[in-house]
Number of protein chains: 2
Amino acid sequence: MNQSKTPPHIPTQARTRIQRRNHSAILNAALDVFSAKGFRGATVDEIAQAAGLSKPNLLYYFPSKEAIHLQLLSGLLDVWLAPLRDLDPEGDPIPEILTYVRRKLQMSREMPRESRIFANEILQGGTHLGDTLTTALKPLVDEKAAVVARWRDTGRIADVHPYHLIFSIWSLTQHYADFDVQVRTVLGDEGADPYPEAERYLETLFTRMLTP
Amino acid sequence: MNQSKTPPHIPTQARTRIQRRNHSAILNAALDVFSAKGFRGATVDEIAQAAGLSKPNLLYYFPSKEAIHLQLLSGLLDVWLAPLRDLDPEGDPIPEILTYVRRKLQMSREMPRESRIFANEILQGGTHLGDTLTTALKPLVDEKAAVVARWRDTGRIADVHPYHLIFSIWSLTQHYADFDVQVRTVLGDEGADPYPEAERYLETLFTRMLTP
DNA sequence: CGTGTTCCTGACCATTTGGTCAAACATTCA
DNA sequence: TGAATGTTTGACCAAATGGTCAGGAACACG
């Protein structure tokens with residue numbers, strides 16, 4: 001009957017200092033573990049360890065493993081789509097698109113865990129995302145594809161399919177994060193950082209593709 | 001002490017009719033389940049059900065879940081690399097590369113399960129593949145990258161980084177299998193088959209990229 | 001100090017899951 | 001037909017895992 005012990009499950013804005021610290025420690029640890037092992041392969045205990053907490057203690061902050069995963073995913077999509085959101089319809093088409101490519105590649109390099117977690121989720125059918133894809137992703141892509149279509153129809157870029165252009169940017173940039181092992185293996189261990197070459201390659205690719 | 005009941009674990013060439021049937025039924029079922037749920041997410045029981053067998057019966061044909069996964073993976077790599085293997089150094093460079101792209105895209109469409117299982121494996125760090133990547137994949141890529149480099153150095157194709165060209169072909173073609181859900185969601189449910197458009201797009205992309 | 005709240009833990013539980021085994025059932029073939 | 005060989009299964013096990021809970025420790029604050 002007592003209404004005590006209300007666990008601070010997902011308080012959005014954590015109240016106490018300890019809450020804030022542990023909350024973010026958990027999310028960060030979960031990012032590590034989920035991105036390395038996938039949702040099923042990750043164990044609550046491992047996440048707790050990585051966050052420096054005991055399993056029950058972690059469950060004190062989040063109601064379930066799935067809740068952690070979910071909060072991670074939803075928090076991610078915004079960050080992930082920011083570069084596309086910033087594509088400026090008033091800007092110079094080709095530089096605008098090249099900037100988008102560059103920013104996306106940069107995110108791949110600096111946030112590979114996020115990229116992998118997302119890839120994993122989509123690979124598995126996006127079941128955890130619910131209708132987020134249709135409500136958040138699709139409208140934005142529709143909007144920006146329309147921008148690209150306008151650029152194309154006014155002859156400012158070469159003839160391209162707007163949606164597939166966007167798909168190609170996604171796939172090419174995220175490839176370096178998601179398939180990191182493969183890339184590094186093929187390039188040999190000597191060639192440490194593939195990103196500078198990748199950036200040059202993608203710049204050339206899209207310049208040649210888009211120049212009228 | 002009796003040496004009886006030697007289970008026909010991985011007999012490579014199954015002997016009896018039943019063995020052949022069940023063996024391939026298991027592998028096919030495993031392809032379904034592993035590609036849909038990943039290695040950790042897949043359960044032996046589910047694979048057995050999908051193959052029309054009981055779990056112990058499945059374990060009669062394969063010593064472990066991992067063994068099934070492994071046999072699947074190793075059998076896959078050969079098929080997967082065939083198009084690259086067929087890249088002909090004596091052929092016409094641009095048509096040769098376009099053919100490679102087309103075949104790779106076709107495989108994406110016709111074997112999405114295989115593509116996803118592979119993606120999943122690489123995403124997780126390729127731990128199950130052991131050194132297969134360095135012994136089987138790298139040498140082939142090295143060889144074909146050299147071919148591309150020769151074409152480039154003799155001016156038969158435009159200036160490109162051979163390895164990143166190959167990476168871009170992989171990522172662009174497999175994107176349609178691995179991120180199928182995303183692609184379909186963004187394109188809307190009406191536009192059923194994205195592949196014809198994709199093929200046209202990729203043809204244009206690489207033609208513009210490679211024409212000297 | 002004392003009291004209420006927040007934080008943390010050891011012990012525990014139910015379920016899932018990979019895998020085993022003895023015995024039953026089927027098939028083959030002499 | 002019958003014995004050897006091959007196939008299938010129900011019952012079972014041990015380990016892993018997500019999650020609970022009662023109570024103790026730390027902290028905030030009057």
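Just so you know, these numbers come straight off a predicted model, no measurement behind them. Just the heavy atoms: all of them, side chains too, but no hydrogens, waters or symmetry mates, feed the values below. Just so we're on the same page: letters track the sequence lines, and every chain starts at 1.
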Query raised in the report: Pick one: which of B:Glu121, B:Gln124, B:His128 meets side chain to side chain contact (heavy atoms under 4.5 Å, CB included) with B:Phe39?
Result: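 Among B:Glu121, B:Gln124, B:His128, the one meeting side chain to side chain contact (heavy atoms under 4.5 Å, CB included) with B:Phe39 is B:His128.
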What pairs of donor and acceptor atoms, side-chain ones from residues 83-91 of chain B against any protein atom, are under 3.5 angstrom apart with sequence neighbours left out?
{"from": "B:Asp86", "atom 1": "OD2", "to": "B:Arg103", "atom 2": "NH1", "distance (Å)": "2.7"}
{"from": "B:Asp88", "atom 1": "OD1", "to": "B:Glu90", "atom 2": "N", "distance (Å)": "2.9"}

Query raised in the report: Where along residues 35-47 of chain B does a heavy atom come under 4.0 Å from DNA chain C, residue by residue in number order?
Result: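 B:Ala42, B:Thr43, B:Val44 - these, ordered by number, are the residues of the stretch whose heavy atoms sit under 4.0 Å from the strand.
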Verify the contact: side-chain N or O of [X] to OP1 or OP2 of [N], cut-off strictly under 4.0 Å; return yes or no.
{"X": "A:Asn57", "N": "C:dC7", "value": "no"}
{"X": "A:Ser54", "N": "C:dC8", "value": "no"}
{"X": "A:Thr16", "N": "D:dC27", "value": "no"}

Of the nucleotides [options], which has the atom closest to the [X] side chain?
{"X": "B:Lys55", "options": "C:dG19, C:dC8, D:dG18", "value": "C:dG19"}
{"X": "A:Asn22", "options": "D:dT7, C:dT20, C:dC8", "value": "C:dC8"}
{"X": "A:Gln19", "options": "C:dG18, C:dT6, D:dT8", "value": "C:dT6"}
{"X": "A:Ser64", "options": "D:dT8, D:dG19, C:dT6", "value": "D:dG19"}

Atom pair distance, as rounded to whole Å: [atom1] in [X] and [atom2] in [N]:
{"X": "B:Ile26", "N": "C:dG19", "atom1": "CD1", "atom2": "P", "answer": "13 Å"}
{"X": "B:Tyr60", "N": "C:dC25", "atom1": "OH", "atom2": "C1'", "answer": "12 Å"}
{"X": "A:Arg20", "N": "C:dT6", "atom1": "CZ", "atom2": "C1'", "answer": "14 Å"}
{"X": "B:Gln49", "N": "D:dT9", "atom1": "CD", "atom2": "C1'", "answer": "13 Å"}
{"X": "B:Ile18", "N": "C:dT27", "atom1": "CD1", "atom2": "P", "answer": "6 Å"}
{"X": "A:Tyr61", "N": "C:dC8", "atom1": "OH", "atom2": "C1'", "answer": "8 Å"}
{"X": "A:Arg21", "N": "C:dT6", "atom1": "CZ", "atom2": "C1'", "answer": "13 Å"}
{"X": "A:Lys65", "N": "D:dG19", "atom1": "NZ", "atom2": "C1'", "answer": "12 Å"}

**Report entry** Geometric class of the B:Tyr176/B:Tyr195 ring pair [parallel <30°, tilted 30-60°, perpendicular >60°]
**Finding:**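 Rings of B:Tyr195 and B:Tyr176: tilted, 30 to 60°.
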**Report entry** DNA chain D: 5'-proximal contact among B:Pro56 and B:Arg17 (nearest heavy atom)
**Finding:**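 By nearest-heavy-atom nucleotide position, the 5'-most residue is B:Arg17.
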Show me, pair by pair, the donor-acceptor contacts under 3.5 angstrom made by side chains of residues 129-142 of chain A, not counting sequence neighbours?
{"from": "A:Thr132", "atom 1": "OG1", "to": "A:Leu129", "atom 2": "O", "distance (Å)": "2.4"}
{"from": "A:Thr134", "atom 1": "OG1", "to": "A:Asp131", "atom 2": "O", "distance (Å)": "2.8"}
{"from": "A:Thr135", "atom 1": "OG1", "to": "A:Asp131", "atom 2": "O", "distance (Å)": "3.2"}
{"from": "A:Thr135", "atom 1": "OG1", "to": "A:Thr132", "atom 2": "O", "distance (Å)": "3.4"}
{"from": "A:Lys138", "atom 1": "NZ", "to": "A:Asp142", "atom 2": "OD2", "distance (Å)": "2.9"}
{"from": "A:Asp142", "atom 1": "OD1", "to": "A:Tyr163", "atom 2": "OH", "distance (Å)": "2.6"}

Report task. Go through the structure and list residues passing ring-ring contact (aromatic ring centres under 6.0 Å, His included) with A:His161, not counting sequence neighbours. Result ->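 Checked A:His161 against ring-ring contact (aromatic ring centres under 6.0 Å, His included); matches are A:His164.
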**Report entry** salt bridge (charged side-chain N to carboxylate O under 4.0 Å, His left out): pairs with one or both residues in residues 107-118 of chain A, sequence neighbours excluded
**Finding:**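 Checked against salt bridge (charged side-chain N to carboxylate O under 4.0 Å, His left out) - neighbours excluded - the pairs reaching residues 107-118 of chain A are A:Asp32-A:Arg113, A:Arg109-A:Asp193.
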Query - Pairwise side chain to side chain donor-acceptor pair (under 3.5 Å) hits with a residue in residues 39-55 of chain A, at least two apart - result: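 For residues 39-55 of chain A, and leaving out neighbouring residues, the side chain to side chain donor-acceptor pair (under 3.5 Å) pairs sorted by first residue read A:Lys37-A:Glu46.
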